[in-house]
Amino acid sequence: MMIDGVEPIVAALGGLAAPAPAGLTGKVFTGWLAAPSRLGEVFVAFTGDGVQFVRPAESVHGDADAFAEAYRDRFGRPLRPADRAPAGLLPALRGRPAPSLRLDLRRLPDFERDVLGATRRIPAGQTRPYGWIAREAGRPRAVRAVGSVLARNPVPLLVPCHRVVRADGRLGDYMFGPAHKEELLRAENVDLDQVAAFAQQGVHYLGSDTTGVVCFPTCHNARRISPAHRHGFRTIGIAVAAGYRPCRHCRPGVEAASA
DNA sequence: TGTCTGACCTGTC
DNA sequence: GGACAGGCCAGAC
């Protein structure tokens, strides 16, 4: 399939008196392909430096031209079909570990890159609040701005913005709808019912009286706390005042985490 | 440059 | 405990 607007460029390149320098077409075009994912088929655009743009086919009504237009609006480059997927893309889209996958986020403002970088560090099966992302991005008060960045996440699934939830225990919104967010989290074995039950009781952190460590409820360390030794806290400050130390894995709270 | 817009948070009632 | 308003911040226009 050829994307609208590509033919004139291809024709112009073909009309060059001399062969195009090696790598030129790679500088002019961005490759794209369709691939299976946890959200169904997705369209993926990528440069030699990594993946730049991902959108579910459903979100552009299965129309590759609409995907190319959305990409061009944002990145100012045309697309051409690619022969093969970048390393790590296919397992990453299926939610599997893919350390070889590279993302090309160079064109994004620093703040967006920092937000997406922090989001990418949330392990599968766990969630973090927007405020945690803001802190990790170095702007602890930019909580609303974090939401704005995630709403424009160019690489959903690869940067797992579905793992960012509201501080009050609710899931919050998602660029493709809250139902997809819930579906993705349940597929990662996040116990949303238990998290909701804790939130209902005003519990947003869990501590262990045997280790003296307090975590986010979805942290893998929190899941290992037996009910007999588990204590719930509304704020990290209350937990610290009670003698608990923030988990070094999930880092709940910047003041205590840096102590 | 100023205004507006949010996938939010928190205090107050 | 639920609703609401005000605050906050970065990006878009």
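Just so we're on the same page: letters track the sequence lines, and every chain starts at 1. Predicted, not measured: the structure shown is a model, and the values here were computed from it.
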Would you mind reading off the distance between A:Asp168 atom CG and B:dT10 atom P, rounded to a whole angstrom? 10 Å
Minimum-distance nucleotide (side-chain atoms of A:Arg152 versus C:dA12, B:dC9, B:dG6): C:dA12
Per atom distances to the A:Pro129 side chain, the nearest of B:dA7, B:dC9, C:dA10 is B:dC9
Counting the atoms with a prime plus P, OP1 and OP2 as sugar-phosphate, which does A:Tyr130 contact under 4.0 Å by heavy atoms, base, sugar-phosphate, or nothing? base
Heavy atoms only, 4.0 Å cut-off, all strands: where does A:Arg166 land among base, sugar-phosphate and nothing? sugar-phosphate
Would you say the rings of A:Phe67 and A:Phe43 are close, in the sense that their centroids are separated by under 6.0 Å? yes
Measure the distance from CD on A:Gln201 to P on C:dG1 and round it to the nearest whole Å. 10 Å
Side chain of A:Ala142: nearest nucleotide among B:dC9, B:dA7, C:dC9? C:dC9
Euclidean distance, atom CD1 of residue A:Ile133 to atom P of C:dA10 [Å, nearest integer]: 16 Å
Is it the case that over 12 heavy atoms from other parts of the model lie below 6.0 angstrom from the CZ atom of A:Arg234? no
From CZ of A:Arg139 over to P of B:dC9, roughly how many Å is that when rounded to an integer? 18 Å
May I have the distance from A:Arg144 (atom CZ) to C:dA5 (atom P), rounded to whole angstrom? 14 Å
Pick the nucleotide of DNA chain C nearest each of A:Gln200 and A:Ala145; which residue has the one closer to the 5' end? A:Gln200
Looking at A:Tyr244 versus A:Phe233, is the centre-to-centre ring distance below 6.0 Å? yes
So what does A:Ala151 touch, heavy atoms closer than 4.0 Å: a base, only the sugar-phosphate, or nothing? base
Over all strands shown, is A:Pro109 touching base, sugar-phosphate only, or nothing at heavy-atom distances under 4.0 angstrom? sugar-phosphate
Which of A:Arg106, A:Arg102, A:Arg107 passes side-chain hydrogen bond (donor to acceptor under 3.5 Å, both in side chains) with A:Asp104? Answer is A:Arg106
Using only modelled atom types and a 3.5 angstrom limit, is any donor from either the side chain of A:Arg141 or the base of C:dG7 paired with an acceptor on the other? no
Whole-Å distance between B:dC9 C1' and A:Arg170 CZ? 11 Å
B:dT1: pairing nucleotide in any strand, Watson-Crick or G-U under 3.5 angstrom: none
How close or far is atom C1' of C:dC8 from atom CZ of A:Phe111, stated in whole angstroms? 11 Å
Atom NZ of A:Lys181 and atom C1' of B:dC8: how far apart are they, to the nearest Å? 11 Å
Can you tell me which nucleotide in B:dA7, B:dC9, C:dC8 comes closest to the side chain of A:Tyr174? B:dA7
Looking at A:Glu41, I'd like to know if its CD atom is crowded, meaning that more than 12 non-hydrogen atoms belonging to other residues, nucleotides or ligands lie closer than 6.0 Å. yes
